[in-house]
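Report on one structure; see the data block that follows.
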There are 4 protein chains.
Amino acid sequence: MSPKIINREKRTAEITRAALDVFSVKGYSAASVGQIAATAKIAKGTIYEYFETKEDLYIAAVMLFVDGFQSSLKSLLENIDDPLTRLITFTKSSLDICDRNDAETTYLFVDILQQSLLKNGVFYNRRYLVREMLLGFRKIITNILLDGVSKGIFKPEIAKDAEKIATNLLAFLDGASLHTKMTENYFDIPSQLDYFMQYLTQSILLNPENYDLNATIAEQAGN
Amino acid sequence: MSPKIINREKRTAEITRAALDVFSVKGYSAASVGQIAATAKIAKGTIYEYFETKEDLYIAAVMLFVDGFQSSLKSLLENIDDPLTRLITFTKSSLDICDRNDAETTYLFVDILQQSLLKNGVFYNRRYLVREMLLGFRKIITNILLDGVSKGIFKPEIAKDAEKIATNLLAFLDGASLHTKMTENYFDIPSQLDYFMQYLTQSILLNPENYDLNATIAEQAGN
Amino acid sequence: MSPKIINREKRTAEITRAALDVFSVKGYSAASVGQIAATAKIAKGTIYEYFETKEDLYIAAVMLFVDGFQSSLKSLLENIDDPLTRLITFTKSSLDICDRNDAETTYLFVDILQQSLLKNGVFYNRRYLVREMLLGFRKIITNILLDGVSKGIFKPEIAKDAEKIATNLLAFLDGASLHTKMTENYFDIPSQLDYFMQYLTQSILLNPENYDLNATIAEQAGN
Amino acid sequence: MSPKIINREKRTAEITRAALDVFSVKGYSAASVGQIAATAKIAKGTIYEYFETKEDLYIAAVMLFVDGFQSSLKSLLENIDDPLTRLITFTKSSLDICDRNDAETTYLFVDILQQSLLKNGVFYNRRYLVREMLLGFRKIITNILLDGVSKGIFKPEIAKDAEKIATNLLAFLDGASLHTKMTENYFDIPSQLDYFMQYLTQSILLNPENYDLNATIAEQAGN
DNA sequence: GATGAATGAGTATTCATTCAT
DNA sequence: CATGAATGAATACTCATTCAT
């Protein structure tokens, strides 16, 4: 409550932000604490007043990234009622992150991967954090599907497979965005996604003929 | 043709193999030239008689990995005629790589990702190599699909979308295997894949009712 | 006399006490001002309101240690009249310091040694302080010896050598306790001491046959 | 056997020598690897081709010191037959080390103490090395005593106490030399030692009246 | 007077690369 | 051709001390 605590939190946030910027561009191992300090415009030692190790700083930066990602998704979906529109909005905006020109977030995403897979990686012993993040996203999709079922828009029989569908959708989204980045946008990812979503929606909609998916997609893109 | 050249090629291959072993476990930056030399049972300085830099060595190792991956896939598909079985075989064995206990190949795959995405990454200016690798895989799948169409097993109308379908399948496969690794096998990837393939095959088979997909999958798994 | 001065003295004493605790465990260079501040439950900066440097703080702590050591010895000897008992009490309690499980005092003692011997050591230019401390102890022993002579218990001819005897006894005591600590109690120091004292007392007692040294030692140990 | 091995050993010895020089003056923690490298006139990194850590380097330096000390003692005693002369020679030359003007060895000795006593000290978990060193010295003295007994020069009854006598003598020697160093030669250590040795020899000689200790000492000092 | 945030110089250690043998 | 000794730049982290509040 005291002003000091507020300053401390503020400074912690500043450093974390700077760390996120640097880690996103350089990755964990190539980034140096000195660079992060310079970015935050503070002395190198000051970093260690707020974080014990470079690893801790990395974790904080990743958390900031994940939280920002999730909350921006949540606010996007906030005022949408129609389950189909929600689903399409979710997938579109997931990939938008990779289409943005400042898309360093993708670099960070791969870096998290790296640090999760390699023994001695920062996240190797913290894979539960990654898992929880993925489960959070899966929950969002699962809820959309079940909501659609209860509203009579999606087929009732998909309810029992909602988690599987959600898991597969997430896998596709991540695989697609990585391929895109790796190949310098060689694939036209939006049209690939539309194609995937047409198959998916045809499979889950109760009355596919009542929906013009292209219109829904176009409408969503317009916002 | 001279014995020296033969020795040189042989030694180059040995070093590349050792490099692949080390890079697969440690990743590019954590791997040291000394470790690679030790693995190849030669002196550190000798490496530099065959490769100019650590980067060159990494590129050679990745090439060796990709070539081995592609040729093992080719030989797997070599004696299979039925397009559906070919398709399923392809997807199964792609994921098998990630299910193997010594699945260091996944680590390397992510490392390639990392080095492709990061500015200053080894592969950042060689992303065309990654693209060509992906295009090679896409070509295999596309050919399977077109073969199925011409044999009257897959729907004729998918011919024009064969590349899109192949691209999406690859994206799903990579996304799924990465998620699996990241989350310590929290997701049951084989059953997820089966689920995905059921939807896919229902969409592309001309007469889905004539095929018992589960039987085909089980049969394939048996081999 | 003003309350502020009293507070200042009290606070100075608290900090010195905390410093002694930390220096005793960690030694001068491994101890950090931050740890001392934490032990004293004050802020790091506050230390520098009371002491100019870490060196000054160390000197104050050592003084506190030496004073405490000497005054506890004095009070131990206060009510003992018999010179032989006084002598044995002195040696026993000197070594007791090293037998106590929390024998951090030994660490400090060696640390003082270190800082006295090394050029650039805190005590290198203050060795006179160390010398005075040793002279203080020598004085105590010398007085015991001379008292014994005047009481007709010790041989008269040792009077002229009293200082030499005292110096040698101190050297033996310190050497013995250091060896003990260094070797993890490999030597049975109490029995070594008894052995040493038997020789010593036989040399200085006027009528050794009148004394049962073991009884005197046992009696002393009982207190 | 190959020249390379010889060079490696030679270089290892050079570095160890440089390390001993620096550690002797600065102590373990104040000495820096850079200073040692500069003293050895090699690059900092080269140190790590020969020693894994600063700790290993310290241990090697201490071993060099101890070995040198022990072998110089041995060669001194080599051609002396008379047990009493051997005993006096041993004590004299032990203290000589501390009287030499370049007596940095004493600093190192205290540093070893420090590193043996402090938790986290380099020698804390290697105290057995220190113990073995002390036991080596004790063995030398014990042998002298037993030799004297068997030659009919020392009293037969001291045979059973030979180890205790040796232990006490060592303790005295170390304590005395430390006090001397700490107090800037305030005590006249040679005369203190003579005094101590007179008592000791009177206690152990079978016929003290047959020996003129002062003459023996003077004679020894003359060499 | 008390605080604790900020500093920046200092340290051990790693490693790609070179080059004399 | 092969070696491996030598290099030195780079990096994470520590801590005594200062100073604005």
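Below, each value reflects all heavy atoms present in this structure, side chains not excepted, and no hydrogens, waters or symmetry copies. Naming convention: chains lettered A, B, ... in sequence-line order (proteins, then strands); numbering from 1 in each chain. Note that this is a predicted model, so its numbers are computed, not measured.
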**Asked** Is D:Arg8 salt-bridged to D:Glu49, cutoff N-O under 4.0 Å?
**Response** no

**Touch class at under 4.0 angstrom, heavy-atom based, for C:Tyr50 against every strand present** = sugar-phosphate

**Request:** Measure the distance from NZ on A:Lys41 to C1' on E:dA5 and round it to the nearest whole Å.
**Result:** 19 Å

**Request:** Please state how far atom CD in C:Glu9 lies from atom C1' in E:dG1, giving the value in whole angstrom units.
**Result:** 16 Å

**Message:** Under 4.0 Å, counting only non-hydrogen atoms across every strand here, what does D:Ile42 touch: a base, just sugar-phosphate, or nothing?
**Reply:** sugar-phosphate

**Request:** For A:Asn120 and F:dA12, give me the distance from atom CG to atom P, rounded to whole Å.
**Result:** 16 Å

**Complete:** Note: for B:Thr46 and D:Gly45 on DNA chain F, the residue whose nearest nucleotide lies more 5' is B:Thr46

**Request:** Scan every strand shown for a Watson-Crick or G-U wobble partner of E:dC15, both distances under 3.5 Å, and answer none if you come up empty.
**Result:** F:dG8

**Asked** A:Arg11 has a side chain; which of E:dG1, E:dT13, E:dA6 sits nearest to it?
**Response** E:dA6

**Asked** Do A:Gln35 side-chain atoms and A:Ser32 backbone N/O form a donor-acceptor pair below 3.5 Å?
**Response** yes

**Request:** Round to the nearest Å and state the distance from C:Glu14 atom CD to E:dA2 atom P.
**Result:** 10 Å

**Fill in**
By the Watson-Crick or G-U definition, both distances under 3.5 Å, E:dT21 is matched with F:dA2

**Message:** Between P on E:dA2 and CZ on C:Phe51, what's the gap in Å once rounded to a whole number?
**Reply:** 13 Å

**Whole angstrom value for the distance that separates P of F:dT18 from NZ of C:Lys44** = 13 Å

**Prompt:** If you pin B:Glu55 and C:Glu49 to their nearest nucleotides in DNA chain E, which one's is more 5'?
**Reply:** C:Glu49

**Message:** Using Watson-Crick or G-U wobble geometry with both distances under 3.5 Å, which nucleotide pairs with F:dC13?
**Reply:** E:dG10

**Request:** Let me know, please, whether D:Ala31 or B:Ser32 comes out on the 5' side of the other along DNA chain E by nearest nucleotide.
**Result:** D:Ala31

**Sidechain-backbone polar pair: C:Arg126 side chain, C:Val122 backbone, donor-acceptor under 3.5 Å** = yes

**Message:** Under 4.0 Å, heavy atoms only, any strand: does B:Lys54 hit a base, just the sugar-phosphate, or nothing?
**Reply:** sugar-phosphate

**Message:** Looking at E:dG1, I'd like to know if its phosphate oxygens (OP1 or OP2) sit under 4.0 Å from a side-chain N or O belonging to C:Arg8.
**Reply:** yes

**Message:** Output the rounded distance in Å from OH (D:Tyr48) to P (F:dA9).
**Reply:** 17 Å

**Prompt:** Quick one: are the ring centres of C:Phe65 and C:Phe109 less than 6.0 Å apart?
**Reply:** no

**Asked** For the pair made of CG in B:Asp56 and P in E:dA16, what is the distance, rounded to whole Å?
**Response** 14 Å

**Message:** Check this for me: does any side-chain nitrogen of one of C:Arg17 and C:Glu14 sit under 4.0 Å from a carboxylate oxygen of the other?
**Reply:** no

